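Take a look at the structure below.
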Amino acid sequence: QKQVAEAGGIDLVLAAMRGHAGSEEVQQEACRALNCITANSREIRKQVAAAGGIELVLAAMREHAGVERVQERACAALCSIAAGTSEYQKQVAEAGGIDLVLAAMRGHAGSEEVQQEACRALNCITANSREIRKQVAAAGGIELVLAAMREHAGVERVQERACAALCSIAAGTSEYQKQVAEA
C-alpha cells in the first residue's frame, strides 16, 4: 500500500477515474484498487480523500447505477475510505453517498455481492455518528438491510454484513432499535 502511494499510484488511479468516467470497466477496477490501497491505512485514506477520491467513487456510482460490479466495488471502496474516520464518514454522507448506497441496494436487490458490500459500507459510514445513522434510517436503510437479509437468507456473508450494519445503525438509539425489532 505504502509503495503504491509513494510511487504516485493514488493520483494515477484517480486520474484514470477522471479520464475514463464513462468506462464501467475502468471505474470498477479503480474502485477495487482504492478499496485495496486504503484498507487499514489512515494515512492513505487521508491522501485519497484529499485528492477527491470520495467524490470520484460517488460519481462512478451515479454514472454506472445499473452496473452491478461498479456498485459492488464502489461500496467496498467507500467502506475502506470511511472506516473509522468521522471526517470521511461525514464527507461521504454530505456528498450523497448514503442515497447512492441505498440506491445500489434497491437497484441490485438480487445481487448478493452488492447487498454484502452495501451493508458493509453502511456499517462503515454510520459507525460513531448519530447524525449519519439518522440519515440512513430516514432514507429507509434499516428496511433495505432487512430486505437484503430476507432475500439472501442462505448467504452467510450477506447475513454477517447486514447484522453488522444493523448494529451500527441502531447503536445507542432506542428508536432505531425498535424499528429493527418491528420491521
Side-chain angles (χ1 to χ4, degrees), residues 27 31 34-35 38 45-46 48-50 52-153 155 157-183:
Q27 298 303 308
C31 286
L34 290 175
N35 179 36
T38 58
R45 278 185 237 143
K46 182 178 180 179
V48 168
I54 291 170
E55 293 80 4
L56 286 169
V57 171
L58 297 176
M61 292 181 80
R62 284 184 194 96
E63 176 72 21
H64 302 284
V67 182
E68 182 179 320
R69 283 296 238 201
V70 173
Q71 299 303 306
E72 170 198 345
R73 291 184 174 168
C75 285
L78 288 176
C79 180
S80 290
I81 295 167
T85 311
S86 60
E87 177 183 350
Y88 307 140
Q89 293 165 337
K90 185 176 179 183
Q91 196 174 340
V92 169
E94 288 177 351
I98 292 167
D99 290 335
L100 288 169
V101 170
L102 298 180
M105 293 181 81
R106 286 183 191 98
H108 301 279
S111 168
E112 61 190 62
E113 293 84 4
V114 171
Q115 298 304 309
Q116 173 184 311
E117 293 304 331
C119 285
R120 185 171 161 251
L122 290 174
N123 181 29
C124 293
I125 296 166
T126 59
N128 306 312
S129 174
R130 182 179 293 272
E131 185 57 38
I132 295 173
R133 288 193 300 261
K134 183 178 179 181
Q135 286 179 280
V136 170
I142 291 171
E143 292 82 2
L144 284 170
V145 172
L146 295 173
M149 293 181 79
R150 288 183 189 104
E151 176 74 18
H152 302 284
V155 183
R157 295 294 279 175
V158 173
Q159 300 302 307
E160 173 192 339
R161 300 277 170 85
C163 286
L166 290 174
C167 179
S168 186
I169 296 166
T173 310
S174 60
E175 176 186 349
Y176 306 144
Q177 292 166 344
K178 184 178 179 184
Q179 196 174 343
V180 169
E182 294 176 354

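Throughout, residue positions are numbered sequentially from 1 according to the sequence presented. What you see is a predicted model, and the numbers here were worked out from it, not measured in a lab.
A82 and Y88 make their closest contact through CA-CB, 4.0 Å (heavy atoms, listed as atom of the first residue, atom of the second, distance). In terms of heavy atoms, A77 sits closest to V57 at CB-CG2, 4.3 Å. Between C31 and A60, the shortest heavy-atom distance links the atoms SG-CB, 4.4 Å. The heavy-atom pair separating R120 from S80 by the smallest distance is NH2-OG, 3.6 Å.
The shortest side-chain heavy-atom distance between M105 and L102 falls under the 4.5 Å cut-off. With contacts defined as side-chain heavy-atom distances shorter than 4.5 Å, the pair Q115/R161 does not qualify. A heavy-atom distance below 4.5 Å is found between the side chains of L78 and M61. Side-chain contact check for V101 versus L122: some heavy-atom pair is nearer than 4.5 Å. Put simply, the side chain of V155 does not reach to within 4.5 Å of the side chain of Q159, judged on heavy atoms.
In this structure, CD1 in I125 is found 10.0 Å from CD in Q135, a value given to the nearest 0.5 Å. Atom NZ of K90 is separated from atom CD1 of I132 by 8.5 Å, given to the nearest 0.5 angstrom. Atom CD of E87 is separated from atom CZ of R45 by 12.0 Å, given to the nearest 0.5 angstrom. Rounded to the nearest 0.5 angstrom, C167 SG and N123 CG are separated by 7.5 Å. Within the model, atoms CD of Q89 and CD1 of I54 stand 10.0 Å from one another, a figure rounded to the nearest 0.5 Å.
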Test log, rule salt bridge (charged side-chain N to carboxylate O under 4.0 Å, His left out), inputs E113 and R69
CA-CA 8 Å; E113 293 84 4; R69 283 296 238 201; 5.8 Å; no

Verify side chain to side chain contact (heavy atoms under 4.5 Å, CB included) between Q91 and E55, making sure each step is shown before the conclusion.
CA-CA 9 Å; Q91 196 174 340; E55 293 80 4; 3.1 Å; yes

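Checking side-chain atoms of E112 against main-chain N and O of E151 turns up no donor-acceptor pair under 3.5 Å. Using modelled atom types, one side-chain atom of S111 and one backbone atom of V114 make a donor-acceptor pair closer than 3.5 Å.
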